[in-house]
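Read through the structure below, which is laid out as structure tokens, and then see the notes.
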Amino acid sequence: MTQATARHILVDSEEKCQTLIDDIKGGADFAAVAREHSSCPSKRDGGNLGTFGKGQMVPEFETACFEGEVGEVQGPIKTQFGFHAVEVTARS
């Protein structure tokens, strides 16, 4: 079974999410940005969600995690929770 390891930042607007993605792509540290801006409890661990398999995340988020490039920040990804910046750190 394919598994992904990812981290994310969850915010309430697409504009804010895009600004954070631009900051990270410009050199800001993903974990530091997550700790400061994310509304998800995972922010305490720099947005780390650990390792998970297909069917464990909402569909929009799962698509990014299993089809996107490893190591590339993706987003904004809209789900019922808000807007996500996602980075898949590993996939096996």
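Atom OG1 of Thr2 and atom CZ of Phe52 lie 12.0 Å apart (nearest 0.5 Å). Here the straight-line distance linking atom CD of Gln74 with atom CZ of Phe61 works out to 9.0 Å at 0.5 Å rounding.
At least one donor-acceptor pair under 3.5 Å links the side chain of Thr89 to the backbone N or O of Thr5. Side-chain atoms of Ser42 never come within 3.5 Å of backbone atoms of Asn48 as a donor-acceptor pair (strictly under, hydrogens ignored). Glu14 places no side-chain N or O within 3.5 Å of a backbone atom of Phe83 that could act as its donor or acceptor partner.
When side chains are defined from C-beta on, Lys16 does not count as touching Thr19, because their heavy atoms never get closer than 4.5 Å. Between Ile9 and Cys17, every side-chain heavy-atom pair lies at or beyond the 4.5 Å cut-off. In this structure the side chain of Asp12 never reaches within 4.5 angstrom of the side chain of Ser39, judged on heavy atoms.
For the salt bridge (charged side-chain N to carboxylate O under 4.0 Å, His left out) condition, the pairs that include at least one residue of residues 73-92, sequence neighbours left out, are Arg7-Glu87. Note on residues 17-41: no pairs pass salt bridge (charged side-chain N to carboxylate O under 4.0 Å, His left out), not counting sequence neighbours.
No more than 12 heavy atoms of other residues, nucleotides or ligands sit less than 6.0 Å from atom CD of Glu69.
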_Test side chain to side chain contact (heavy atoms under 4.5 Å, CB included) applied to His8 and Cys40, step by step_ = CA-CA 9 Å; His8 82 135; Cys40 180; 3.4 Å; yes
